[in-house]
Amino acid sequence: MRCPLCHILISLTLLCNILLLYYTWHLQFRSSGRQTPLSALSPGITVIVREFQEFENGLAELNHSFLRARPSLRILIASNTPPYPPVQGLHILRLHPSPEQSSSSLRLESHIHTRLVALVPDGTSLDPPDLLDRMARELRDASPGVKIIAAAAGQEIQCLYLNVSMKQWTAVYRPATAKETCTAVVGTAVLLLRSRDLFELPFPLIRPLQLALFIQTALRGWGVQVLKDASFPRTTMPATDHGRWKAEQAEKKEEAQTMRALNVRLVKGLVGGDRWFGCSKDTQRCFGTVVEGTPQYLYNNQWTPPCCLRALRTTTHHVIKVLEASGVRYWLEGGSLLGAARNGDIIPWDYDVDLGIYLEDVTLCTELRGAQSGSLVDAEGYVWERAVEGDFFRVQYSQSNHLHVDLWPFYPRDGVMTRDSWTGHPQDVEFPESFLQPLQTLPFAGGFAQAPNHHVQLLRMKFGERVIEEPEYPNPTLLRMRGR
């Protein structure tokens, strides 16, 4: 005889046991620091505060404001080291590894168990209490390409389009057109996104947070939508003049370190003008010794860093100024002449500039005469020397930074321009002196330079018929341009 009531009781008992086992596992899982599977993320929002200064902050006030409005919120203070002096009641997410920690404890998945995360700057208050919920609804209803909702925090924010080129080491901001989805905001903001999207980023909480985050998300094509007609109240932090000065110095250093970590050397389009994060006269260049005509960055599918191109342009202008003032006849040579023919500039992946000079004119230039017997540092810090690789001259950007312009001495013999030594490069060929009589002026590297007449004909003679139309890397036997 069947007993329906018994079946029901057994089923309920099994269900209770399953729920108990899951609850026990969940507690152990969270306490162990292991990662939460994406499928196990629960509804809700985790607040992360990353942008604050340890020496002066409003973390206690922020914590109190958000928990008073939403007592169930989980708020994490993300920091390399715990804030000092300690602030009671804060949950610290340590980002800097410690020897006794497990590797899993350093992953965000071990600390974020909700489907959404809000990145909140220091000094922010949660008012009205439903503002985070409104952002969550905005994200839920947004078009598929939108991954981030931004809300102003204490000031207006501007929605921009950010284009990041890893090949050219640059990040360029500009106003978004009416048909474009914004990919970044400028101005202090609260950012809401899905936890699984934050987990996908290689540098999710690196500072400065907004700049670094939007570079990573723009590369992935994530859209940003600004919450309209609402903003978070925010007190400027640090609150003291001295604190703000200290913060500004720390942020500049932090920004430079982060941009180098992200392989970005130039940020354009922000207030204050271009921001450079690469080499300078006081540092070494961004790459080491070039082997077989192929710099290391080409193997990473990158071109010459913009700071290096800037240094090459500056050095070229200086060298040309000195040569012209001394009466030395010069002209664009090799790859530099090729760059001038293609786009009036240095080839984007080139690592030096080549100029030809008349050997008999060397004695006209004080700097070249000095370089014949050693090296000479001129009044602007450029280093003139005889190259160790062959019978030619080299002008370096500085004693620290060896980006350079090479000067190749030619002399005429029976109407042909020749040299006493050659480097074995394909461009190293004799050519009729008639290409230099007369010289012409071409745009080059933001200025003008002397160049052979009928330069296209000369380039085809040196490099091949399709050299201008079909760009190629310096040593295609080692590395060819992708897609060719």
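Listed by chain and number, the residues in a side chain to side chain donor-acceptor pair (under 3.5 Å) with D406 are R394 (sequence neighbours excluded). Contacts of F435 classified as ring pair (Phe, Tyr, Trp, His ring centres under 6.0 Å), with partners at least two apart in sequence or in another chain: none. Residues passing the disulfide bond (SG atoms under 2.5 Å apart) test with C159 are C182, sequence neighbours excluded. For W349, the ring pair (Phe, Tyr, Trp, His ring centres under 6.0 Å) partners two or more places apart in sequence, or in a different chain, are W303, Y473. By the ring pair (Phe, Tyr, Trp, His ring centres under 6.0 Å) test, F277 pairs with no residue at all, sequence neighbours left out.
Closest heavy-atom contact between A151 and F232: CB-CE1, 3.7 Å. Nearest heavy-atom pair across L442 and A340 is CD1-CB, 4.3 Å. In this structure, R194 and L139 approach most closely via the heavy-atom pair NH2-O, 3.5 Å. In terms of heavy atoms, V190 sits closest to M135 at O-CE, 3.6 Å. In this structure, L403 and C279 approach most closely via the heavy-atom pair CD1-SG, 4.1 Å. Scanning both residues, L209 and P204, for their nearest heavy atoms gives CD1-O, 3.6 Å.
With P409 as the partner, the side chain to side chain contact (heavy atoms under 4.5 Å, CB included) test is satisfied by one option alone out of D420, D361, L359: L359. With V353 as the partner, the side chain to side chain contact (heavy atoms under 4.5 Å, CB included) test is satisfied by one option alone out of I347, V395, T316: T316. Of the candidates L108, L76, L193, L192, L193 is the only one forming a side chain to side chain contact (heavy atoms under 4.5 Å, CB included) with V117.
Ion pairing of R460 with E469 is present here, as a side-chain N (NZ or NE/NH1/NH2) and a carboxylate O approach within less than 4.0 Å. At a threshold of 4.0 Å, the pair E138-K228 does not count as salt-bridged, since none of the basic side-chain nitrogens sits closer than that to a carboxylate oxygen. Ion pairing between E248 and R244 fails under the 4.0 Å rule for side-chain N and carboxylate O. The pair E200-K147 fails the salt-bridge criterion, with no side-chain N (NZ, NE, NH1 or NH2) lying under 4.0 Å from an Asp/Glu carboxylate O. In summary, R234 and D122 do not engage in a salt bridge, as defined by a charged side-chain N under 4.0 Å from a carboxylate O. Salt-bridge check for E333 with K462: passed, with a basic side-chain N closer than 4.0 Å to an acidic carboxylate O.
For Q296, the CD atom counts as loosely surrounded, since its 6.0 Å shell holds 12 or fewer non-hydrogen atoms of other residues, nucleotides or ligands. Counted within 6.0 Å of OH on Y299, heavy atoms from surrounding residues, nucleotides or ligands total more than 12; the atom is thus considered enclosed. Atom CD of Q372 is surrounded by more than 12 heavy atoms from other residues, nucleotides or ligands within 6.0 Å. The number of heavy-atom neighbours closer than 6.0 Å to CZ of F55, taken from other residues, nucleotides and ligands shown, is above 12.
Identified under the side-chain hydrogen bond (donor to acceptor under 3.5 Å, both in side chains) test for residues 150-169, with sequence neighbours left out: K167-N301.
A donor-acceptor pair under 3.5 Å links the side-chain atoms of S336 to the main chain of D354, judged by distance alone. Side-chain N or O atoms of R275 include none that pairs as donor or acceptor with a backbone N or O of A256 at under 3.5 Å. Proximity of a side-chain donor or acceptor of T258 to a complementary backbone N or O of E254 within less than 3.5 Å is detected. With hydrogens and angles disregarded, no donor-acceptor distance shorter than 3.5 Å links the side chain of T418 to the backbone of E430. With hydrogens and angles ignored, the 3.5 Å screen pairs no side-chain donor or acceptor of H404 with any backbone N or O of T315. Side chain of K281 to backbone of Y397: a donor-acceptor contact under 3.5 angstrom is found. At distances below 3.5 Å, at least one donor-acceptor pair connects side-chain atoms of R50 with backbone N or O atoms of L205. The backbone N or O of M237 sits nowhere less than 3.5 Å from a side-chain atom of E56 that would complete a donor-acceptor pair. With hydrogens and angles disregarded, no donor-acceptor distance shorter than 3.5 Å links the side chain of E109 to the backbone of F199. Looking only at distances, a side-chain donor or acceptor of Q216 sits under 3.5 Å from a matching main-chain atom of F203.
Taking the side chain as every heavy atom from C-beta outward, W276 and P306 approach each other to under 4.5 Å. Counting heavy atoms from C-beta outward, I77 and V87 have side chains that stay 4.5 Å or more apart. D428 places a side-chain heavy atom less than 4.5 Å from the side chain of R419.
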Take E360 and R329 through the test salt bridge (Lys or Arg N to Asp or Glu O under 4.0 Å) and record every step on the way to the result.
CA-CA 9 Å; E360 62 188 273; R329 291 166 291 176; 3.5 Å; yes

Please step through side-chain contact (heavy atoms from CB on, under 4.5 Å) for the pair R107 and S103, ending with a clear verdict.
CA-CA 7 Å; R107 302 188 184 103; S103 60; 4.0 Å; yes

Worked verdict on Q257 versus I206 for side-chain contact (heavy atoms from CB on, under 4.5 Å):
CA-CA 10 Å; Q257 292 173 341; I206 194 170; over 6 Å; no

Criterion side-chain contact (heavy atoms from CB on, under 4.5 Å) on T441 and Q450, from CA distance to verdict
CA-CA 5 Å; T441 301; Q450 296 296 297; 3.0 Å; yes

Given the rule in the side-chain contact (heavy atoms from CB on, under 4.5 Å) test, do R313 and I346 qualify, once you have shown the distances and angles that lead to the verdict?
CA-CA 8 Å; R313 294 185 187 105; I346 299 167; 3.8 Å; yes

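Separation of the Y351 and Y297 ring centroids does not fall under the 6.0 Å cut-off. Between Y358 and W331, the distance separating the two ring centers is shorter than 6.0 angstrom.
Residues T294 and N475 bring no donor and acceptor atom of their side chains to less than 3.5 Å of each other. The closest side-chain donor-acceptor pair between S400 and Q284, if any, does not fall under 3.5 angstrom.
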